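Note that the structure is a prediction, hence the values are computed from the model and not measured. Per chain, numbering begins at 1; letters A, B, ... match sequence-line order.
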Number of protein chains: 2
Amino acid sequence: MASMATYFIKTPSPSPSFPKKFNTHFSPALTLSIPLGSKPRTRQRLRISNALIEPDGGKLVELFVEESKKGEKKREAASLPRVKLSRIDLQWVHVISEGWSSPLRGFMRESEFLQTLHFNSLRLDDGSVVNMSVPIVLAIDDAQKRLIGESTRVALVDSDNNLIAILKDIEIYKHHKEERIARTWGTTAPGLPYVDQAITNAGNWLIGGDLEVIEPIKYHDGLDRFRLSPAELREEFTRRNADAVFAFQLRNPVHNGHALLMTDTRRRLLEMGYKNPILLLHPLGGYTKADDVPLSWRMKQHEKVLEDGVLDPETTVVSIFPSPMHYAGPTEVQWHAKARINAGANFYIVGRDPAGMGHPIENRDLYDADHGKKVLSMAPGLERLNILPFKVAAYDKSQGKMAFFDPSRQQDFLFISGTKMRTLARNKENPPEGFMCPNGWKVLVDYYDSLVPADNSKVPEAVPV
Amino acid sequence: MASMATYFIKTPSPSPSFPKKFNTHFSPALTLSIPLGSKPRTRQRLRISNALIEPDGGKLVELFVEESKKGEKKREAASLPRVKLSRIDLQWVHVISEGWSSPLRGFMRESEFLQTLHFNSLRLDDGSVVNMSVPIVLAIDDAQKRLIGESTRVALVDSDNNLIAILKDIEIYKHHKEERIARTWGTTAPGLPYVDQAITNAGNWLIGGDLEVIEPIKYHDGLDRFRLSPAELREEFTRRNADAVFAFQLRNPVHNGHALLMTDTRRRLLEMGYKNPILLLHPLGGYTKADDVPLSWRMKQHEKVLEDGVLDPETTVVSIFPSPMHYAGPTEVQWHAKARINAGANFYIVGRDPAGMGHPIENRDLYDADHGKKVLSMAPGLERLNILPFKVAAYDKSQGKMAFFDPSRQQDFLFISGTKMRTLARNKENPPEGFMCPNGWKVLVDYYDSLVPADNSKVPEAVPV
């Protein structure tokens, strides 16, 4: 991964050297339309300034204990009841502690949990509203609850009993799992990945409170330097004199359809008068389901996309978004957007069926493919964010490249499904030229190659395109 | 029912003669506390004035066709595709047409449906937010959709093909039933009454649009004169010089615990400086589940409660709320409150587990008993409404009357469950004196008497207290 660092920005003091832009697969004359800002939004006006968008609640929350107080906090924690964090719990501590969920200051108490489930938003003390669509909660079981007893604070530890944080002014309330699942996913069908992983077997209580985090969360997987916090990203955007930041959330390999979109978005922002729009290419780094391409492989693939010049490193910041994935469609896309406001993004690109997946037990998609962008465009607390919906990209045989789908010449387009892509990569075949940059494709081939078991019998399910 | 008219207000020009207040079962020195206004609400201040609270959206919606245009509309409707309304659909036309759901002007289009499901609120063109928690939608099936074809309007007819309304500027979109149910009820368990009645077998499409209603909806059941519209209720409150209107939603017989609460609320409002608080006793009149006491019997029971002087007719308006019942707990209680704002109520009394019921397949309540009032107190668009939560009332053996439960002397209290009440009424036994006024109780006994089948084998399920 050493070479990656030259293309990705580094932390704590980013000073990357980026290669000059290469020729890309895209025609410079391409004028496909994104309905950019075409939808009037109430209480919103595009203002061009170099000041980044304000975090939710007006101030970016960071919940780390000051260096001078660490000793004291560690001593205090030693005497507190302990709650052991799962890997996903730890990812949420990461998310909360860096302010992705500003103005949250810890795991949700019941009033926040209920507002999230029912309203996808929180009302603050000053009467203003911020978006909050996904419950960020910590479950404990009966035994842990008994252990906590009357204590008003607990120590949160990782699986090796290392102290992670103190949770203070705690509130313990019932974990109504069925209701949580139904209101978050719009279904209670068995087989929802996050539910299976983090809810079904979790405790029957939730514990909310304010976090005091001892050390920034690190994973020691060689990728920590790409995990920039919202504050670090804001610093980087400011350093680059960004006057617009457009975020692209992804949990899949980047193909040229994605790249087309990002390039075209930048072109449109320049047309609108922005001088220096910066792309935040922001792969999700927390829990993903077993058949998604793992983060480490995705990061290798993204690296190649920049190396091959498909995206311009001068105007692109690649960083890892530490959140776990819910696969909760229109509910989750709000979280994905809201968190990027906190990182300084004022434009958010949303595609078809964001955060969607197949229905776990019926032969259909879980969500209406249009609901994500519709819900996002109407969501309370996201009025300040410019939502950029985009059309479906497909392989245009007449041009030999990825292009936005044009229904008037349907016969020219080839949809390369996840299944198709997987089959190709597994068989070490190439997709049509122009679908993905060759070195990026090679990473995928290598990934699937690494998976094929000895008896050649089972390969994980499709990679969504 | 003739005598009832003397105790209930009449329409169109109410001029009731009320009996003077009788002695009640309540001690005048009773000082049980309701946390009236004790919870600070953001952006809300109690202002005492004789102007009624504004309807949502600023103007009460009424959707009736002017007399002079009826002929023209009827001729137009004759040429339109027809959609037949179920009984529940007709109740919703009633609700929408009179402005209970202001500012809705018809069945929801998709953007309203999605905002309702995800945010329990609608954002208006001016950026303001109104509460809207329950989808008010009209389902059609594939055949009806084909029949409508490219038409931009349809005629809505009742089961006898009588023209009810025209729905114009229609939008047809998918009826995602599972998601609707999950997000509205927080469960998809089989056996939810409204779901079984109105969703499971309904069509796979929803049709939204603006309503033009030919005639006010009437049911010809002897109770139409008690179905006052929001405009008529506002007129009545104004006529009575109400400076506060407190609404009590109910779908059950009134026992003395309820009455205690209403009486005590009025006392508190007077203490707060209001000169003439009026109670809107507002039984739900639309669809209810089979084991609820039917509307006609409830109205008889309410009549006796006023006749017996348990509530003061001088300061009480009894009217029927035409909405169907969802039994959707914290989601539905918002609808119940919001609709009463439109009718002029600025105080809303909310009890334990409002609009709740038992879980259809698990041995527990469907909702956390406290969630209704918590969710209501935080709901977007209800900031102007004063929420009055109340404690559980039970029979206090030490005083021989209903009183607010005091956990410090638990042994003094008798909880009379729905099952217990039913058993007593069915066996023509009396509850403890002071539980319900004797003539009200007799109505219940008569109701259950009317149900006992010849072979004495089956009686419908419990009446919730």
Side-chain angles (χ1 to χ4, degrees), chain A residues 40-44 110-129 131 133 173-189 329-331 333-334 359 361-362 364-372 374-381 383, chain B residues 40-44 110-129 131 133 173-189 329-331 333-334 359 361-362 364-372 374-381 383:
Chain A
R41 301 280 314 260
T42 309
R43 293 184 294 182
Q44 169 188 302
E110 193 183 41
S111 72
E112 293 156 337
F113 178 64
L114 289 173
Q115 289 180 79
T116 300
L117 288 188
H118 288 274
F119 315 133
N120 287 6
S121 58
L122 303 177
R123 190 191 292 153
L124 307 186
D125 285 342
D126 66 359
S128 67
V129 168
N131 190 267
S133 62
Y173 55 102
K174 279 196 194 146
H175 189 184
H176 293 284
K177 294 182 187 180
E178 180 186 55
E179 190 172 349
R180 173 183 175 191
I181 296 163
R183 296 196 194 277
T184 303
W185 279 272
T187 179
T188 58
T331 301
V333 72
Q334 298 171 65
H359 193 286
I361 56 173
E362 295 176 23
R364 61 173 175 94
D365 284 340
L366 185 47
Y367 303 108
D368 188 305
D370 290 334
H371 281 186
K374 286 179 182 170
V375 168
L376 190 60
S377 73
M378 300 185 291
E383 297 83 358
Chain B
R41 301 281 312 260
T42 310
R43 293 184 295 182
Q44 169 190 302
E110 194 184 40
S111 72
E112 293 155 336
F113 178 63
L114 288 174
Q115 290 180 78
T116 300
L117 288 188
H118 287 274
F119 315 132
N120 287 7
S121 58
L122 304 177
R123 189 191 292 152
L124 308 185
D125 286 342
D126 66 0
S128 66
V129 167
N131 189 267
S133 62
Y173 56 102
K174 278 195 196 145
H175 189 183
H176 293 284
K177 294 182 188 181
E178 181 186 54
E179 191 172 349
R180 173 183 174 192
I181 296 163
R183 295 196 194 278
T184 304
W185 280 270
T187 178
T188 58
T331 301
V333 71
Q334 297 171 65
H359 193 287
I361 57 173
E362 295 174 23
R364 61 174 175 94
D365 283 340
L366 184 48
Y367 303 108
D368 188 304
D370 290 333
H371 281 187
K374 287 180 182 169
V375 167
L376 189 61
S377 74
M378 301 186 289
E383 297 83 359

Exercise. Rounded to the nearest 0.5 Å, how far apart are CZ of B/Phe119 and CD of A/Gln334?
Worked result: 4.5 Å
Exercise. What distance separates B/Thr188 OG1 from A/Ile181 CD1, expressed to the nearest 0.5 Å?
Worked result: 10.0 Å
For this session: Heavy atoms only: give me the nearest B/Glu383-A/Arg123 pair and the separation to one decimal.
Result: OE2-NH2, 2.6 Å
Exercise. Between A/Thr187 and chain B, which part of the residue has a heavy atom less than 4.5 Å away: side chain, backbone, both or neither?
Worked result: both
Exercise. Roughly how far, to the nearest 0.5 Å, is CD of B/Glu110 from CG of A/Asp368?
Worked result: 6.0 Å
Problem set entry | Gap between atom CG of B/Leu366 and atom CD of A/Glu179 - 0.5 Å precision | 7.5 Å
Exercise. In Å, rounded to the nearest 0.5 Å, how long is the span from NE2 of A/His118 to CG of B/Asn120?
Worked result: 7.0 Å
Exercise. Which region of A/Thr184, side chain (C-beta onward) or backbone (N, CA, C, O), has a non-hydrogen atom less than 4.5 Å from a non-hydrogen atom of chain B, or is it both or neither?
Worked result: backbone
Exercise. Does a side-chain heavy-atom distance below 4.5 Å link A/His371 with B/Leu117?
Worked result: no
Exercise. Just how far is it from atom CD of A/Glu178 to atom CD of B/Glu362, taken to the nearest 0.5 Å?
Worked result: 5.5 Å
